[in-house]
Structure formats: C-alpha cells, structure tokens
S.K.: 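First the structure, then my questions, so here it is.
So you know, we letter chains A, B, ... as the sequences are listed, proteins then strands, and number each from 1. Predicted model only: the values in this text are computed from it and were never measured.
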There are 2 protein chains.
Amino acid sequence: MLKGEDSPARLFAALGDATRLGLIGRLSDGSERSIVQLGDGLPISRQAVAKHLDVLLGAGLVRRTKSGREVLFTLRREAVAEAQDWLRTVGTQWDDALGRFKNFIENQP
Amino acid sequence: MLKGEDSPARLFAALGDATRLGLIGRLSDGSERSIVQLGDGLPISRQAVAKHLDVLLGAGLVRRTKSGREVLFTLRREAVAEAQDWLRTVGTQWDDALGRFKNFIENQP
DNA sequence: TGATTTGGCAACCAAAAGGTTGCATTAATC
DNA sequence: GATTAATGCAACCTTTTGGTTGCCAAATCA
C-alpha cells in the first residue's frame, strides 16, 4: 500500500479489514482504550492488534496517547468524515448524472 | 482478503487502492465503459485494469455487462450507499457519545 | 477472407499484508 | 527490591496483492 501518501485510498485501505473495522467499532463510542483492552476477545495475538492499530494510526483514523505504561487510542472522527466526503462526492455525481438522464428521456418527443 | 463474504470490509478493501478509486471516479458520471476505455491513460497493462475491475465486481461496486466483443462496466450506486451507511453509523455513534459527554460536563456543579 | 480489436486464461514474480514467537523495556504493585 | 503487566522491537513465515508477459478466442472492420 501507499506509504507516505495521505490519500483517500490510504483511508479506505485501513478500513478494508474486518478486524480493523471491529476495532473502530469499539472506539466509535468515543472511548479511550489500550491495546490490551482493544484486543480483548479477539482470536489474535497482542502484536497483531498493535499492528492493526498502527495501520489505523497511519491512515489517521485513530489518535495515540501514552498514559503511564499503557498506550491509549481514540477514534479520529475527522478521518471518518473524510471518507464519508469522498463517497458523498461520488454518490452525488452519480445522482446528478442520473437526474440529467431522466430529464433527457422525459423530454423526448 | 475475505473471499466469499459480503462484508463492509470487502467493500472498503476494494476502495483501498488509488487506481481503483480512479476507475470509480471515471464511472461516477453514470457512464458505461469498456476495459480498454477505463484503462486509457493509466500506466498499467490492460490485464492489470481487468484485475482491478474484478476486485470492484467482487465487492459489488460495479456491474458487468457484455456487448458484442466488449465488456461494459457501470457503477453500482447501492454499494457506494452501503459504504456510506457504515461510516454514517460510526460517525453518529461518536457524535451521540460526544453529545452525552458534553451534556454531562456542563451539568457538573 | 484476413487483419485488428477486445478480452480471457494461465504462469510467474516481487512486494506487502497479516500473523507468530522470543526477548528487552518500562511502569505499577506487593 | 522483586514480580507482574503493557508495550516495543525484530526476525521469520505464509498468503494476498498488484503487476507482467505470452498465447488463445471471438467479434469487427477493410
């Protein structure tokens, strides 16, 4: 995947994994959770969870803060909005095009 | 990635590539385009484009129809809406949680 | 008919992704 | 001070990804 770039592709790629969507789900309540907490119940190792969180961090989807010996993660709502925006643009373009097409058809003699 | 499953993760993974986002962009005007047309201008081979379209098809993001010797693709707006829905849910949960928190803070003595 | 265009299929490749294990480090507890 | 808990770092492994090239098949066009 793209490394340095900060494109919507990076964002979507980070969302493109069931485990990561799960993590985001857990954080969507606005809570602040540690790696261990976030990995609780998952069938993968702590390191695997940490790697997933790294991906989310790299895509700007989460915020990382240290507190004592643990590292806390929170969701970055702005990033979610960014992804939404991209999809909205595509959807809107499509809707507009469809609208023009319908209009064209209806005005045929 | 997940093979048979029809999860949002599959959808986002398909969106998680700059080339594919580009293809979707080209189709977002409601047009119907062939593989060659879609690949026009891109610095990759026709087969690479075809593979990307396969991924999009697998995620339900495009529709495929044959016409003579060519294969035409169109965007499936419903799939875009699906992705939007997922993000909206996350965003809404977050907003609600933030709202409750603000309310709690403001009502502190 | 013969050449050209548009695709499909398959083998092959290098790099990235998703995981694992082992060991070191740092902070909190007893 | 010793033990435990929460991470970080690094090496290693297997599967997926994103791409390529070569060759075959089916429509189209001259």
S.K.: What I want to find out is whether A:D40 reaches A:R33 closely enough, with some N-O distance under 4.0 Å, to be called a salt bridge.
M.R.: no
S.K.: Figure out the NZ/P separation between A:K66 and C:dT25, and round it to whole Å.
M.R.: 15 Å
S.K.: Over how many whole Å does the gap from B:L72 atom CG to C:dG8 atom C1' extend?
M.R.: 16 Å
S.K.: Of all heavy-atom pairs between B:R64 and B:V71, which one has the smallest distance, and what is that distance?
M.R.: CG-CG1, 3.6 Å
S.K.: Consider only side-chain heavy atoms of I, L, V, M, F, W and Y, link residues closer than 4.5 Å, and tell whether B:V55 and B:L21 are in one cluster.
M.R.: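 Hydrophobic grouping puts B:V55 apart from B:L21.
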S.K.: Quick one: list whatever passes side-chain contact (heavy atoms from CB on, under 4.5 Å) with B:T65, sequence neighbours left out.
M.R.: B:E32, B:L72
S.K.: Counting only side-chain N and O atoms of A:S45, is one of them less than 4.0 Å from OP1 or OP2 of C:dG19?
M.R.: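 Negative; the distance criterion is not met.
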S.K.: Answer yes or no: is there an ion pair linking A:D54 with A:K51, defined by an N-O contact shorter than 4.0 Å?
M.R.: no
S.K.: How large an angle, rounded to 10°, do the end axes of the helix from C:dT1-D:dA30 to C:dC30-D:dG1 enclose when each is built from five base pairs?
M.R.: 20°
S.K.: Which of the following nucleotides, C:dG8, C:dG19, D:dT20, is nearest to the side chain of B:I44?
M.R.: D:dT20
S.K.: Answer yes or no: is there a side-chain heavy-atom contact under 4.5 Å between B:I44 and B:T19?
M.R.: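 Contact flag for B:I44/B:T19 side chains = yes.
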S.K.: Please identify each residue that fulfils side-chain contact (heavy atoms from CB on, under 4.5 Å) with B:T89, with sequence neighbours left out.
M.R.: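 For B:T89 the side-chain contact (heavy atoms from CB on, under 4.5 Å) partners, ignoring immediate neighbours, are B:Q93.
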S.K.: Rounded to whole angstroms, how far apart are CG on A:D17 and C1' on D:dT15?
M.R.: 14 Å
S.K.: Please report the interatomic distance CG(B:L23) to OG(B:S28), rounded to the nearest 0.5 Å.
M.R.: 11.0 Å
S.K.: Do the side chains of B:R63 and B:E78 get close enough for a salt bridge, i.e. N-O under 4.0 angstrom?
M.R.: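 The answer is yes: the pair qualifies as a salt bridge.
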S.K.: Would you call the rings of B:F12 and A:F12 parallel, tilted or perpendicular if under 30° counts as parallel and over 60° as perpendicular?
M.R.: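 Answer is parallel, since the angle falls under 30°.
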S.K.: Below 3.5 Å is the cut-off: list the nitrogen or oxygen pairs between protein and nucleotides 3-5 of chain C, distance only.
M.R.:
unit_1 : atom_1 : unit_2 : atom_2 : d
C:dT5  : O4'    : B:R69  : NH1    : 3.2
C:dT5  : O2     : B:R69  : NH1    : 2.6

S.K.: So does A:R64 get a side-chain nitrogen or oxygen closer than 4.0 Å to the phosphate oxygens (OP1/OP2) of D:dT7?
M.R.: no
S.K.: In Å and rounded to the nearest 0.5 Å, what is the CG to CG distance from B:L15 to B:L61?
M.R.: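 It is 5.0 Å, given to the nearest 0.5 Å.
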S.K.: Tell me, with the steps shown, if B:S34 and B:Q37 meet side chain to side chain donor-acceptor pair (under 3.5 Å).
M.R.: CA-CA 5 Å; B:S34 73; B:Q37 282 178 271; 3.3 Å; yes
S.K.: Under 4.0 Å, heavy atom to any atom of DNA chain D: which of residues 46-56 of chain A qualify?
M.R.: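 Those residues are A:R46, A:Q47.
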S.K.: Starting at the 5' end of DNA chain C and moving along, which residue's nearest nucleotide shows up first, A:E70 or B:E70?
M.R.: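 Its nearest nucleotide lies further toward 5', so the answer is B:E70.
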S.K.: Got a sec? Which of residues 25-40 of chain B come in under 4.0 Å of DNA chain D, heavy atoms?
M.R.: none
S.K.: Distance from B:S31 atom OG to B:F73 atom CZ, nearest 0.5 Å?
M.R.: 12.5 Å
